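Data first, discussion second: the structure below is written as structure tokens.
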Number of protein chains: 2
Amino acid sequence: MTASGRRSTDVTLRNPSAEEALSTVEDGVAAGALVTLFGRCTVDYDGRAASQLGPGDRHVMLKPDGTILVHTDEGQKPVNWQPPGCTHEPSLTDAGDLRVRSVRSSPDEELVVTFERVDQVSAFDLTDGHDLAVEGTEEDLRQRILADPSLVEDGFTPLATERETPAGAVDIYGEDAAGRTVVVELKRRRVGPDAVGQLDRYVGALERSLHADASVRGLLIAPSVTQRAERLLEKKGLEFVALSPP
Amino acid sequence: MTASGRRSTDVTLRNPSAEEALSTVEDGVAAGALVTLFGRCTVDYDGRAASQLGPGDRHVMLKPDGTILVHTDEGQKPVNWQPPGCTHEPSLTDAGDLRVRSVRSSPDEELVVTFERVDQVSAFDLTDGHDLAVEGTEEDLRQRILADPSLVEDGFTPLATERETPAGAVDIYGEDAAGRTVVVELKRRRVGPDAVGQLDRYVGALERSLHADASVRGLLIAPSVTQRAERLLEKKGLEFVALSPP
DNA sequence: CAATGGATATCGGGC
DNA sequence: GCCCGATGTCCATTG
């Protein structure tokens, strides 16, 4: 029932018996392959939270790094999952059905997928030599500003990035044309009240940290702000500059 | 090269030609099936941000709701994706390779996956009649408190949930044994400074909203707090009660 | 449509 | 390991 693949370890079985599916999953996990299953299954999760999922047709993916993902036909997020670090433990239930139990510690968690029917099981050895290159991140926005500080305002001089304060690290720390300290918080997209609170914490921490009488300007830089965030900025005496990642 | 499946629309091809793979993807997408591919591909994304990914062996999933996911052998998150709402457009490149382009508007985005080799293509019709039942959420914590308000403190009386303020909706709004207004912010897990800032915004908004002289107590309820959050609570004059979801 | 905040968020960096 | 903040976050809910 196997078909020849690019690698000897690559396997696909259609409508396998539970025993055949078990062997394929066991071998694939042992070989460090990415294993996928189509079939009708139930899913039970217990850990940080707990959940139960009744029988349905789903797609299950086991990664060699310990990730497990259960996908239905809808949504970007898996309906159930475990992050990397799990141990995949395939077995047969008392009823003779395929079961995959993925467990980890700290936190103690387990995900159990029990198949009443397996339509397909595959195991492929994936190697990926390339890293993803993303543009348009907050880091890109920072580089844009450091390359041309006048984008913030005329006379702005960056002095440090990721400068530590008791409240956390400030994105860009600098001073304005008048020599006043400026704290800049960057966001790659439109921001709400949370970002204003974050900036306010940094400004407060720096004012206490520098001198009792120090006046620190807080600047939020983002493509735009929500109305509630705008009111909060005003209330807190903070400023906003509209700027997007390159 | 097809194998018989549970449904006539279910298909799997091993090492298909680009033309065979194209037909399978086209038919699967048209039939509302969940389509998966194993193969060596490049991925290009352009939209809210932009990214490029060089050639590598990956797993690609196309869902009938317009979702596309590209997974490598590592990590829980797909290396590239599009959320539901896309249109999947399979085609052949000038070089005769399989290409899948998934596009949507608002925001204008596209993800292009180009295969130099397809090891497997599958199409399965998934139907999932069951909903996920999760326990241990913030909502469960709220129910626990409403069922026994003394868990917050003796004499606490909940008056409303999701009560609106100019700063947003308060999780639980009530009063203490002395008749003072109490704002409760719930978190299902250990919290950092952001949750304190959120609670502080609600307290401030209510104080302004009620009277000029109104004194409002702010209570953060969570399993635990970080040290920085604890200091911020103290600085803001807010309180903490340790409590976990049931 | 925007806005707001939760999530079993995940992920990476720093300590 | 905890802590903290970014994320192309996704997602449901509400206006």
Side-chain angles (χ1 to χ4, degrees), chain A residues 43 45-51 67-70 74-85 104-111 132 134-142 162 164-165 167-171 185-195 198 201-202 224-230 245, chain B residues 45-51 67 69 74-85 104 106-111 132 134-142 162 164-165 167-171 185-195 197-198 201-202 224-229 245:
Chain A
V43 188
Y45 157 68
D46 193 29
R48 289 162 291 174
S51 71
T67 302
I68 177 169
L69 306 171
V70 182
E74 289 185 337
Q76 177 185 328
K77 281 183 55 179
V79 64
N80 273 124
W81 70 90
Q82 276 294 297
R104 63 168 176 155
S105 7
S106 73
D108 264 336
E109 294 202 296
E110 74 166 8
L111 187 75
L132 183 70
V134 191
E135 305 142 39
T137 65
E138 180 181 304
E139 174 60 22
D140 293 318
L141 177 56
R142 177 161 72 178
E162 297 299 326
E164 285 296 336
T165 75
V170 166
D171 282 339
E185 174 63 28
L186 305 174
K187 295 294 172 191
R188 67 171 300 279
R189 61 174 193 170
R190 184 172 174 85
V191 295
D194 53 338
Q198 195 182 339
R201 292 202 302 275
Y202 297 154
S224 58
V225 293
T226 68
Q227 200 173 4
R228 210 172 260 179
E230 194 174 15
Chain B
Y45 158 70
D46 192 28
R48 288 162 292 174
S51 72
T67 302
L69 306 171
E74 287 185 337
Q76 179 187 326
K77 281 182 57 179
V79 65
N80 272 126
W81 70 90
Q82 275 294 300
R104 64 168 176 156
S106 70
D108 265 335
E109 294 201 295
E110 75 166 6
L111 186 75
L132 184 69
V134 191
E135 306 144 39
T137 64
E138 182 182 302
E139 175 59 21
D140 293 319
L141 177 56
R142 177 162 70 177
E162 297 298 327
E164 284 297 335
T165 77
V170 166
D171 282 340
E185 174 63 27
L186 304 175
K187 295 295 172 190
R188 67 171 301 280
R189 59 175 195 169
R190 184 174 173 85
V191 295
D194 53 339
Q198 196 181 341
R201 292 202 303 277
Y202 296 155
S224 59
V225 294
T226 67
Q227 200 173 5
R228 209 172 262 177

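Chain A is the first sequence line, chain B the second, and so forth, proteins listed ahead of strands; every chain is numbered from 1. Heavy atoms only: backbone and side chains are in, while hydrogens, waters and symmetry mates are out. Owing to the predicted nature of the structure, the values given are computational and were not obtained by experimental measurement.
Between A/V43 and A/V70, the closest heavy-atom pair is CG2-CG1, 4.1 Å.
Annotation for A/E230: atom CD does not count as buried by contact number, only 12 or fewer foreign heavy atoms lying within 6.0 Å.
Atom CD of residue B/E185 and atom CZ of residue B/R201 lie 9.0 Å apart, to the nearest 0.5 angstrom. Residue A/E110 holds its CD atom at 6.5 Å from CG of A/D46, rounded to the nearest 0.5 Å.
With respect to the salt-bridge test (charged N to carboxylate O, under 4.0 angstrom), the residues B/R142 and B/E162 qualify.
When DNA chain C is scanned in the 5' to 3' direction for atoms under 4.0 Å from non-hydrogen atoms of chain A, the outermost contacting nucleotides are C/dA3 to C/dC11.
Here B/E135 lies out of heavy-atom contact (under 4.0 Å) with every strand. Among the heavy atoms of the strands lying under 4.0 Å from A/A167 are primed sugar atoms or P, OP1, OP2 only; no base atom is included.
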(message) Protein within reach of the bases, or only the backbone? For nucleotides 7-15 of chain D, mark each nucleotide 5' to 3' as B, S or -, using heavy atoms under 4.0 Å.
(response) SBBSS----
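Taking atom C1' in both C/dA7 and D/dT7, the straight-line distance is 14 Å, to the nearest Å. Distance check on atom P: D/dG8 versus C/dT4 gives 22 Å, rounded to whole Å.
You'll find the side chain of A/P193 reaches within 4.5 Å of the side chain of A/T226, heavy atoms only.
In summary, the side chains of B/T137 and B/D140 do present a donor paired with an acceptor at a separation below 3.5 Å, with no hydrogens or angles considered.
Computed from coordinates, the A/E185 CD to D/dG5 P distance equals 9 Å when rounded to whole Å.
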Show every donor-acceptor pair shorter than 3.5 Å between a side-chain atom in residues 75-85 of chain A and any protein atom, with sequence neighbours excluded, or say none if there are none.
| residue | atom | partner | partner atom | Å |
| --- | --- | --- | --- | --- |
| A/N80 | ND2 | A/S51 | OG | 3.2 |
| A/Q82 | OE1 | A/R104 | NE | 3.2 |
| A/Q82 | NE2 | A/E109 | OE1 | 3.4 |

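OP1 or OP2 of D/dG1 sits under 4.0 Å from a side-chain N or O of A/S106.
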